[in-house]
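Values below: every heavy atom of this structure, side chains too, minus hydrogens, waters and symmetry copies. Residue numbers start at 1 and run along the sequence shown.
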Amino acid sequence: MSAQFCKIGKVKVDLKQILGLKELENKYKNFIEEAYNVSMTDASLSDMLYFEARKIKQIILKAKQCDATF
């Protein structure tokens, strides 16, 4: 048997190509709202949702910056 190498985590998906900018902004708002709603009951879930929202916000900012330069 030959060794197989897995690329999980090595290849990044460009969410801007998959989702439109409006959809990304909606996902960001939904993550922030849900994180706020669960912040009093489940702090770890809230932290994870804020983290995901922060990643989406970075993608949005990079997409807007790229659009502004072209």
*For the residue pair S46 and A35, what are the closest heavy atoms and their distance?*
OG-O, 3.0 Å
*asked:* Show me the pairs that pass salt bridge (charged side-chain N to carboxylate O under 4.0 Å, His left out) and involve residues 29-45, at least two apart or across chains.
replied: none
_Holding to salt bridge (Lys or Arg N to Asp or Glu O under 4.0 Å), I want the full list of residues that pass it with E25, two or more places apart in sequence or in another chain._
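Per chain and number, E25 pairs via salt bridge (Lys or Arg N to Asp or Glu O under 4.0 Å) with K64.
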Using atom types as modelled, flag every donor-acceptor pair under 3.5 Å from a side chain in residues 47-58 to any protein atom, sequence neighbours excluded.
from: E52; atom 1: OE2; to: K55; atom 2: NZ; distance (Å): 3.4

*Looking at CG of L24 and CG of L61, how far apart are the two atoms once the value is rounded to the nearest 0.5 Å?*
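If we round to the nearest 0.5 Å, L24:CG and L61:CG are 11.0 Å apart.
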*Report yes if the side chains of I32 and Y28 come closer than 4.5 Å at any heavy-atom pair, otherwise no.*
yes
